[in-house]
Amino acid sequence: MDDRTHSPFPGANPLLTQCLSGAVRQDWTRAEIEALFGLPFPDLIFHAQRIHREHFDPREVQISTLLSIKTGGCPEDCAYCPQSAHYETGVKAEKLMEVDAVLAQGPRPRPGLRHGGGRACPRP
């Protein structure tokens, strides 16, 4: 059968039917995950989008803020990273922020957004 006319709904495989049901689960088996990885990539994207739409409004986007709680001075020797203390990158090092200062930067309403900020993602 031509892949262009093949249905993205794998009804013949009960394992995939269960995987693609859209049920929220946290008990995935290795066989189920391997079955998902065995799908053609466009089918996997199709089902991911379909299931996402079952649980979320497709017109909404979560807005998150990334806050650097420590800048520069990293002891790791990663030549590609401007945070590394091993290279002159022009990034001004700043000490680790105090917990209260990080919490003060947490989720808050932002102008023009219906639901405010979403999530704050502190990272070193």
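By convention here, the first residue in the shown sequence is residue 1.
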**Asked** Sequence neighbours excluded, which residues qualify as ring-ring contact (aromatic ring centres under 6.0 Å, His included) partners of H52?
**Response** F56

**Message:** Walk me through whether L44 and F37 qualify under side chain to side chain contact (heavy atoms under 4.5 Å, CB included).
**Reply:** CA-CA 8 Å; L44 185 61; F37 276 112; 5.6 Å; no

**Complete:** When rounded to the nearest 0.5 Å, the distance separating SG of C78 from CD of Q83 is 10.5 Å

**Asked** For E76, which residues count as a salt bridge (charged side-chain N to carboxylate O under 4.0 Å, His left out) partner, sequence neighbours excluded?
**Response** none

**Request:** Could you list all the side chain to side chain donor-acceptor pair (under 3.5 Å) pairs where at least one residue sits in residues 18-27, not counting sequence neighbours?
**Result:** Q18-E32, R25-D27, R25-E32

**Shortest non-hydrogen separation from G22 to E54 and the atoms involved** = CA-OE1, 3.6 Å

**Fill in**
The complete set of ring pair (Phe, Tyr, Trp, His ring centres under 6.0 Å) pairs with one or both residues in residues 60-104, sequence neighbours excluded, reads none

**Request:** Find out if a path of hydrophobic residues (ILVMFWY) with successive side-chain heavy-atom gaps under 4.5 Å connects L15 to L36.
**Result:** no

**Joint hydrophobic cluster, L20 plus W28, side-chain heavy atoms closer than 4.5 Å** = yes

**Item:** Contacts of E98 that satisfy side-chain hydrogen bond (donor to acceptor under 3.5 Å, both in side chains) - sequence neighbours left out
**Value:** none

**Request:** Check whether any side-chain heavy atom of E34 sits under 4.5 Å from a side-chain heavy atom of T29, and report yes or no.
**Result:** no

**Prompt:** Is there any salt bridge (Lys or Arg N to Asp or Glu O under 4.0 Å) pair reaching into residues 87-96, and which pairs are they, with sequence neighbours excluded?
**Reply:** none

